[in-house]
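Here is the naming used below: chain letters follow the sequence lines, and residue numbers restart at 1 for every chain.
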Amino acid sequence: LCSLRIHRKTFLFHFRNLRWALGRHNTFLCYQVDRKEPASSALASQVLLETHLHAELCFLYWLHDYPVLFPSQHLHITWYVSWSPCCDCAEQVSAFLASHANVSLTIYAARLYYFWRTEYQEGLRKLQQEGARVRFKHCWENFVYPHDGRPLRPWKRLFNNCHFQANKLQKILQ
DNA sequence: ATTTTCAAT
Ligand SMILES: [Zn+2]
């Protein structure tokens, strides 16, 4: 399933960075692909929601088929994901990055997925080793409709939980 | 400090 934008209500449920994010049984992946730095005129930009395949792998298949990946040209990929990649996806994405030196990836996550499990932690370290950057940032401005040009009204503990996730990640990566 | 989360019923 894919679309160009994510509805406000869906965003507010799935990208809410709660510590106990009950019932988020899907992962949304909003991607943007640029030649250099992320710009307003991206080469491609879309929202993925997959039920059978994890969204990250779905992205890799998309990228494989989309005529944008050339060895001679740099490509910057930006993801906004509601859950950070699982250990299997992290492995596959790391392998992809390892074999494509011209591709860089920035992942903006709402929440870390199963961050207390060692194999998931290892996945995040592999991503880092292959140059992927994981940060915590929402996609309100670039992917959500309708937002009528207004900034996101922060929910309770948005900033606290951002720091919580960032601290967890820092401990995992060090 | 803890948690149950790309479900499994
Ligand atoms: Zn996965």
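In this structure a side-chain-to-backbone donor-acceptor pair under 3.5 Å is missing from A:Arg24 to A:Phe15. Here the side chain of A:Ser99 pairs a donor or acceptor atom with the backbone of A:Phe96 at under 3.5 angstrom. With hydrogens and angles ignored, the 3.5 Å screen pairs a side-chain donor or acceptor of A:Asn17 with a backbone N or O of A:Leu158.
Side-chain N/O atoms of A:Gln165 and A:Asn167 include no donor and acceptor closer than 3.5 Å. At a cut-off of 3.5 Å, with distance as the only test, no side-chain donor of A:Thr27 or A:His54 sits close to an acceptor on the other residue.
A:Phe115 comes within contact range of at least one nucleobase, with a heavy-atom separation under 4.0 Å. Contact annotation for A:Arg19: base contact, defined as any heavy-atom pair under 4.0 Å involving a base atom. If you check every strand for non-hydrogen atoms under 4.0 Å, A:Leu22 touches sugar and phosphate atoms only.
Using cut-offs of 30° and 60° for the angle between ring planes, the A:Tyr120 and A:Tyr113 rings count as perpendicular. Ring geometry, A:Phe59 versus A:Tyr31: the interplanar angle exceeds 60°, so the pair is classed perpendicular (tilted spans 30 to 60°).
Atom name P, nucleotides B:dT3 and B:dA7: the rounded distance is 22 Å, in whole Å. With P as the reference atom, B:dA1 and B:dT5 are 22 Å apart, rounded to whole Å. Across the C1' atoms, B:dT2 and B:dC6 are found 22 Å apart, a figure rounded to whole Å.
Chain A approaches DNA chain B over the interval B:dA1 to B:dA7, counting the first and last nucleotide 5' to 3' with an atom under 4.0 Å from its heavy atoms.
Other cluster members for A:Tyr145: none, since no ILVMFWY side-chain heavy atom sits under 4.5 Å from it.
Within residues 163-174 of chain A, the residues that have a heavy atom under 4.0 Å from DNA chain B are, in order of number, A:Phe164, A:Lys168.
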